[in-house]
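Heads up: the structure comes next, in structure tokens.
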Amino acid sequence: MFDYRNPYPTPRLPVFARNVVATSHLLAAQAGLRMLAAGGNAVDAAVAAAAAMTVLEPCSNGLGSDAFCILWDGTELHGLNASGRAPAAWTPAYFHDRYGAGAATPPRRGWDSVTVPGAVSAWAALSQRFGRLPLARVLAPAIDVAERGYAVPVVVQQKWAAAAALPEIASQPGFAAAFLPWGRAPHVGERFAMPGAARALRAIAATGGQALYGGEIGQALAAEARAAGAALTLEDLAGYAPEWVQPVGQDYRGWRLHQIPPNGQGLAALMALGIVQHFDLRALGPDSAEAQHLQIEAMKLAFADVYRYVAEPGCMECTAGHLLDPDYLAARARLIDPQRAQDFGHGEPMRGGTIYLTAADEQGMMVSFIQSNYLGFGSGVVLPQWGLSLQNRGHAFSLDAASPNVVAPGKRPFHTIIPGFLTRGGEPVMSFGVMGANMQPQGQLQTLVRMLDHGQNPQAACDAPRWRIHSGLSLNIESAMPVSTVTGLQARGHRIEVLVDSYQDFGAGQFIWRLGEPGCDGYVAASDPRRDGAAVGF
């Protein structure tokens, strides 16, 4: 179905293979491929790559990350929510007492931004339920990289240096000892090692992850939190478990896009896709101002609702079903003016620093996996002796008692990371994702429309220039966007800033598309040129 001619400047070609791994770092992709070559399956490959990424791209994720996963086991889809929960002591009063009555959210950095980290629990749960190889073998490549070190690549170094220059990061406990080994961020090509992470990974492998959730790593983490006067306790860690969930979906021209249900923002991608299907995008050029305008407006409508309503499911005023109701999405689509940009409010649906990776094997198993420390280097808090850098997902809570996302003991905050999965007729088609905060649903929408409406192959869809909604009528647009598209959007009232820094502003993605039957035709995979990654296979 794809046109394999690529109209965009790129050094990359799609990869065709029966077993394939795509990540944002070549060494992590190789770690996953080693598992497949050793007789492991796509889950083993994904976990190996995810573990390696905590060392290879520490500015975006770490052992203290959260994670989500959607996988096809050969028969059906499974979803895993491994986002962390608030410490038992967290309430609005807790934060107002510490930071003043005017505080609107928990802090961006430091101990009081840290919820229970979930990524390690995701590795353990996936390995135990679906993996073929022992966890110790799966984590061996990550341990090797952590001990021996690696040469820091260009894009990772850029974000590392930018984050290290922020006082709010560099002053956090353990950060300098772990990530500024020369009193500064590494230069491109310098060797960086994390012996503490190697030690932690061995303990995680030996205990099936329990070393972090009540074992020796958890005890060290709780002790550091207690010494800092923070709320996180050993009981918070020991009481945590990831949740297996049923993905939610949205049909689009014969395909179906699947996402993890709330507390994540996957509904934004589903809603935007459900809105744009009311327009004939196929009749418009893939880079035309007309096509881009309709997608931008649909995305703004989806964000307006998601930011208003999405939280922990039990705290939402409406359900995912309400937001995905076909009549509701049709009504939202009717608000779009093809000739004018608008700043939308939310509707009334009821009547009354991230890494993404994907792996697939010749038996047909496909894994869509994402993990993140949230903002660059997360909370900034690190336990160097364990190589444990902690996320700052607590900052995403609200302290407004009227918000569905108000902080509460044991509650999960609104999450930005969203793995995607595409099916057709109940059969798997593509495991994919795009990184970068609220760029994730925007990137998913743009790449899907290019593939499904315009027949662009996954690598071309990766390479194509993107837009990103900033606020109101303001847009960031990648510098490679055609001038005619930019001027056409400006004529519709969009306020545009053209940016060159693709990594920071326009996300990056990995895509694996199934070709025919598993074990016969294999897959075509793509990796985004905005990152240092690669798709590899055999």
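Worth saying up front: this structure is predicted, and the values here are computed from it rather than measured. Position 1 is the first residue of the sequence, and the numbers go up from there.
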Main-chain N/O of [Y] paired with [X] side-chain donor or acceptor, under 3.5 Å:
X: T115; Y: G394; answer: no
X: Y523; Y: A360; answer: no
X: E190; Y: A151; answer: no
X: Q442; Y: I469; answer: yes
X: D66; Y: Q391; answer: no
X: R450; Y: L452; answer: no
X: N61; Y: I355; answer: no
X: Q371; Y: A119; answer: no
X: Q250; Y: M271; answer: no
X: D528; Y: R531; answer: no

Minimum side-chain heavy-atom gap [X]-[Y] below 4.5 Å:
X: N6; Y: D463; value: yes
X: M53; Y: S24; value: yes
X: I477; Y: Q292; value: no
X: P14; Y: W513; value: no
X: L126; Y: V367; value: no
X: H415; Y: R393; value: yes
X: F414; Y: V306; value: yes
X: L323; Y: Y309; value: yes

Under 4.0 Å between a Lys/Arg side-chain N and an Asp/Glu carboxylate O for [X] and [Y]?
X: E312; Y: R412; result: yes
X: D361; Y: R132; result: no
X: R253; Y: D453; result: yes

Where [X] and [Y] come nearest, the two heavy atoms and their spacing:
X: A291; Y: G285; answer: CB-O, 3.5 Å
X: S127; Y: L133; answer: OG-O, 4.2 Å
X: L56; Y: Y150; answer: O-OH, 3.4 Å
X: T447; Y: R466; answer: CG2-NH2, 3.9 Å
X: L26; Y: A534; answer: CD1-CB, 3.7 Å
X: P419; Y: Q259; answer: O-OE1, 3.1 Å

With L267, the side chain to side chain contact (heavy atoms under 4.5 Å, CB included) member among V248, I418, I260 | V248
Is the NZ or CZ atom of R129 both under 6.0 Å from the centre of the six-membered ring of W244 and within 45° of that ring's axis?
-> yes
If you round to the nearest 0.5 Å, how far is [atom2] of [Y] from [atom1] of [X]?
X: N438; Y: T416; atom1: CG; atom2: OG1; answer: 8.5 Å
X: D73; Y: M366; atom1: CG; atom2: CE; answer: 12.5 Å
X: W160; Y: Q157; atom1: CH2; atom2: CD; answer: 9.0 Å
X: L71; Y: F369; atom1: CG; atom2: CZ; answer: 10.5 Å
X: F506; Y: M435; atom1: CZ; atom2: CE; answer: 15.5 Å

Within 6.0 Å of NE2 in H78, more than 12 heavy atoms from elsewhere = yes
Could you tell me whether R199 atom CZ has more than 12 heavy atoms of other residues or ligands within 6.0 Å of it?
-> yes
Quick one: do the S372 and T354 side chains pair a donor with an acceptor below 3.5 Å?
-> yes
Using distance alone, with no hydrogens and no angle criterion, decide if D287 and Y8 have a side-chain donor and acceptor under 3.5 Å apart.
-> yes
Kindly indicate, with the supporting measurements, whether the criterion side chain to side chain contact (heavy atoms under 4.5 Å, CB included) is fulfilled by N405 and V310.
-> CA-CA 8 Å; N405 194 43; V310 169; over 6 Å; no
What do the steps show when you test Y213 against I204 for side chain to side chain contact (heavy atoms under 4.5 Å, CB included), and what is the final call?
-> CA-CA 10 Å; Y213 303 101; I204 289 165; over 6 Å; no
Geometric class of the Y4/F2 ring pair [parallel <30°, tilted 30-60°, perpendicular >60°] | perpendicular
Begin with the C-alpha distance, continue with both residues' side-chain angles, and end with the deciding distance and a verdict on side chain to side chain contact (heavy atoms under 4.5 Å, CB included) for L63 and W123.
-> CA-CA 11 Å; L63 292 173; W123 305 348; 3.7 Å; yes
